[in-house]
Every structure is written in C-alpha cells, then in structure tokens.
Amino acid sequence: GRFKKRSSIEIKVEEFLKGLELSSGFVPQFQIDYYAVDFAFPEFKVAIECQGTFFHIDPRIYPNGPICAIQRRNFGRDRAKRKWCVDRMGWVIIELWETEINDGQFKETLLCKLRELNLLRVSGNKVPLTSP
C-alpha cells in the first residue's frame, strides 16, 4: 500500500529525477495492483524502488537472508511484489539501495538504467553522465 511519510532516500532520488531531462514523467508512490512502488514511469512500465539496508535486507550486508521477524515479513512481501509486478504485470523494477543513495553513487547507476530504457531525453547527441 501507500505510505504517507516518505523516507529520506526517496526524497534524494526524487530530487535527482526532477533534475534530469526525462522522456516521460514519473509518478511517486504509484500503485501496481496490490503493491505500491516508490516511483513509476507508467507509460513504460518501469518502477524504481528505494530499498533500505535493514528493512529490505541488502544482500551485501545480510548474505544469509533475514535475521529477524520484521526482515522475514518484508523479505517475503518484497519477493511477492517483484514476482507480481515483473512476472505477472510485465514491469521492470530498478532497485536502488540506501548505501548508494546516501553516498550519491546511485546517480551513475540510475542514469545508465534510464538510458538503457530510453527514459532520458537526448539533447542533440548527448545525455549527461551526471545530474545537473
């Protein structure tokens, strides 16, 4: 479902997206059937999820999976969301992790993925490598 409070990492990603020349508008907190994604380009069926290290179990930090009840619940829900949205509804989900969002490394990764999916508007023959 939807959350009224947005996380600091969602705000950072949204600010970055607003600074890009996108070929399509994005929608924050977009509903795909039973699930809400952090950002979506509905016309292209592309979603961006901002994943917190602890609550969404960053596999680099938790290589053996969930370590407590709340992580197990979130892990199952996230897996069901990915399966439904990708396999059943045909969406592409871009996952961004808290560590990279907070240190700014997500920008290059996200630009590459948006470029691959033709979601960046090309001015002349150039697409920026970093945000303005």
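Excluded from the calculations below are hydrogen atoms, water molecules and symmetry mates; all remaining heavy atoms, backbone and side chain alike, are included.
The two residues Pro42 and Gly25 come nearest to each other via the heavy atoms CD-O, 4.4 Å. A pairwise comparison of heavy atoms in Gly65 and Ile57 identifies C-CG2, 4.0 Å as the closest pair. Closest non-hydrogen pair, Lys18 versus Phe26, comes out as CG-CZ, 4.0 Å.
Residues Ile48 and Val37 form no side-chain contact, since every pair of their non-hydrogen atoms from C-beta on lies 4.5 Å or further apart. Inter-residue side-chain proximity for Phe54 and Cys68 is flagged as met; some heavy-atom pair is nearer than 4.5 Å. Counting heavy atoms from C-beta outward, Ser23 and Leu120 have side chains that stay 4.5 Å or more apart. Contact of the Asn102 side chain with the Lys12 side chain is registered, since non-hydrogen atoms from C-beta on lie closer than 4.5 Å. Put simply, the side chain of Glu10 does not reach to within 4.5 Å of the side chain of Val13, judged on heavy atoms. In this structure the side chain of Pro28 never reaches within 4.5 angstrom of the side chain of Asp38, judged on heavy atoms.
The main-chain N or O of Phe55 is found under 3.5 Å from a side-chain atom of Asn74 such that the two form a donor-acceptor pair. When atom types are taken as modelled, the side chain of Arg72 and the backbone of Pro66 share no donor-acceptor pair closer than 3.5 angstrom.
Sorted by first and then second residue, the pairs that involve residues 98-121 and meet ring-ring contact (aromatic ring centres under 6.0 Å, His included), not counting sequence neighbours, are Phe16-Phe106. Evaluation of the salt bridge (Lys or Arg N to Asp or Glu O under 4.0 Å) test over residues 91-103, restricted to residues two or more places apart or in two chains, returns Arg60-Glu100, Arg82-Glu95. Annotation: salt bridge (Lys or Arg N to Asp or Glu O under 4.0 Å) contacts involving residues 40-57, sequence neighbours excluded, comprise Glu49-Lys81. Sorted pairs that involve residues 58-77 and meet ring-ring contact (aromatic ring centres under 6.0 Å, His included), not counting sequence neighbours, are lacking altogether. Counting only residues at least two apart or on different chains, no salt bridge (Lys or Arg N to Asp or Glu O under 4.0 Å) pair has a member in residues 22-32.
Partners of Leu117 under the side-chain contact (heavy atoms from CB on, under 4.5 Å) rule, at least two apart in sequence or in another chain, are Val46, Val92, Ile94, Leu119. In this structure Trp97 satisfies the ring pair (Phe, Tyr, Trp, His ring centres under 6.0 Å) test with no other residue, sequence neighbours excluded. Under the side-chain contact (heavy atoms from CB on, under 4.5 Å) criterion, Asp33 pairs with Trp84, Met89, not counting sequence neighbours. Qualifying salt bridge (Lys or Arg N to Asp or Glu O under 4.0 Å) partners for Asp78, counting only residues two or more places apart in sequence or in other chains: none. Residues meeting the ring pair (Phe, Tyr, Trp, His ring centres under 6.0 Å) test with Phe41, sequence neighbours left out: none. With sequence neighbours excluded, the residues that form a side-chain contact (heavy atoms from CB on, under 4.5 Å) with Ile11 are Arg6, Glu15.
Atom SG of Cys85 sits about 4.0 Å away from atom CD1 of Ile32, to the nearest 0.5 Å. To the nearest 0.5 Å, the span separating OG1 on Thr109 from CD on Gln105 amounts to 7.5 Å.
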Derivation of the side chain to side chain contact (heavy atoms under 4.5 Å, CB included) call for Arg77 and His56: CA-CA 10 Å; Arg77 186 185 64 222; His56 294 280; 4.3 Å; yes
For the pair Glu108 and Leu111, evaluate side chain to side chain contact (heavy atoms under 4.5 Å, CB included) and give the outcome as yes or no after the intermediate values. CA-CA 5 Å; Glu108 187 174 333; Leu111 280 172; 5.8 Å; no
Can Trp91 and Phe30 be said to form a ring-ring contact (aromatic ring centres under 6.0 Å, His included), step by step? CA-CA 12 Å; Trp91 282 69; Phe30 185 78; 5.7 Å; yes
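As a member of the Ile/Leu/Val/Met/Phe/Trp/Tyr network built from side-chain separations under 4.5 Å, Val86 groups with Ile93.
For CZ of Phe44, the number of neighbouring non-hydrogen atoms (other residues, nucleotides, ligands) closer than 6.0 Å is greater than 12.
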